[in-house]
Amino acid sequence: MLFMLILAFMVLQLPLAKAENWSGADEKAEEAIKQLSPDYEPWFSPVWEPPSGEIESLLFSVQAGIGAFVVGYVIGRHGAGRDARNA
């Protein structure tokens, strides 16, 4: 029931979300640097850049999924070990 309420809340919030609200920390940092120092030139360029924003988002999502899995696995193992010790 709680999951359905959370899901309904998330779906109802989607029309209110604006695209600029979803920009990442990198984009916000780049904007701040351009405002503070318009003549700044980066001293390092990435080795590889994703071919499109969608691919970049996909890779970020996969990275977030893997991180969530690892955190969930560690928490699950910790809880299972605690339950085994208490049994």
Side-chain angles (χ1 to χ4, degrees):
M1 182 68 179
L2 180 62
F3 177 74
M4 294 302 290
L5 286 173
I6 292 171
L7 184 64
F9 179 75
M10 291 172 59
V11 169
L12 293 174
Q13 293 295 318
L14 284 178
L16 301 175
K18 296 179 180 177
E20 61 264 14
N21 291 342
W22 296 98
S23 63
D26 293 344
E27 294 173 12
K28 290 183 180 180
E30 186 177 340
E31 290 173 9
I33 290 171
K34 284 181 181 177
Q35 288 178 352
L36 294 173
S37 178
D39 298 331
Y40 176 78
E41 290 186 25
W43 57 273
F44 179 80
S45 62
V47 177
W48 179 77
E49 287 192 32
S52 68
E54 290 82 11
I55 299 295
E56 186 176 356
S57 296
L58 172 69
L59 293 174
F60 183 77
S61 299
V62 169
Q63 177 185 359
I66 291 171
F69 174 77
V70 169
V71 169
Y73 180 79
V74 169
I75 290 172
R77 290 287 295 178
H78 179 71
R82 185 181 53 208
D83 291 344
R85 284 189 299 268
N86 292 337

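Remember, it's a predicted structure, so these values are computed and weren't measured experimentally. The residues of the chain are indexed from 1 along the displayed sequence.
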Quiz: residues 67-83 side-chain donor-acceptor pairs under 3.5 angstrom, not counting sequence neighbours:
none

For Phe44, what residues pass the side-chain contact (heavy atoms from CB on, under 4.5 Å) criterion, not counting sequence neighbours?
-> none
In the hydrophobic clustering (ILVMFWY, side-chain contacts below 4.5 Å, transitive), which residues join Met1, or is it alone?
-> none
Could you pull out every donor-acceptor pair under 3.5 Å between side chains of residues 48-66 and any protein atom, sequence neighbours left out?
residue: Ser52; atom: OG; partner: Glu54; partner atom: OE1; Å: 3.3
residue: Ser52; atom: OG; partner: Ile55; partner atom: N; Å: 3.4
residue: Ser57; atom: OG; partner: Gly53; partner atom: O; Å: 3.0
residue: Ser61; atom: OG; partner: Ser57; partner atom: O; Å: 2.9

Counterpart residues, side-chain contact (heavy atoms from CB on, under 4.5 Å), relative to Gln13 (two or more places apart) | Phe9, Leu16
Hydrophobic cluster mates of Ile6, side-chain heavy atoms under 4.5 angstrom, ILVMFWY only, any path?
-> Leu2, Met10
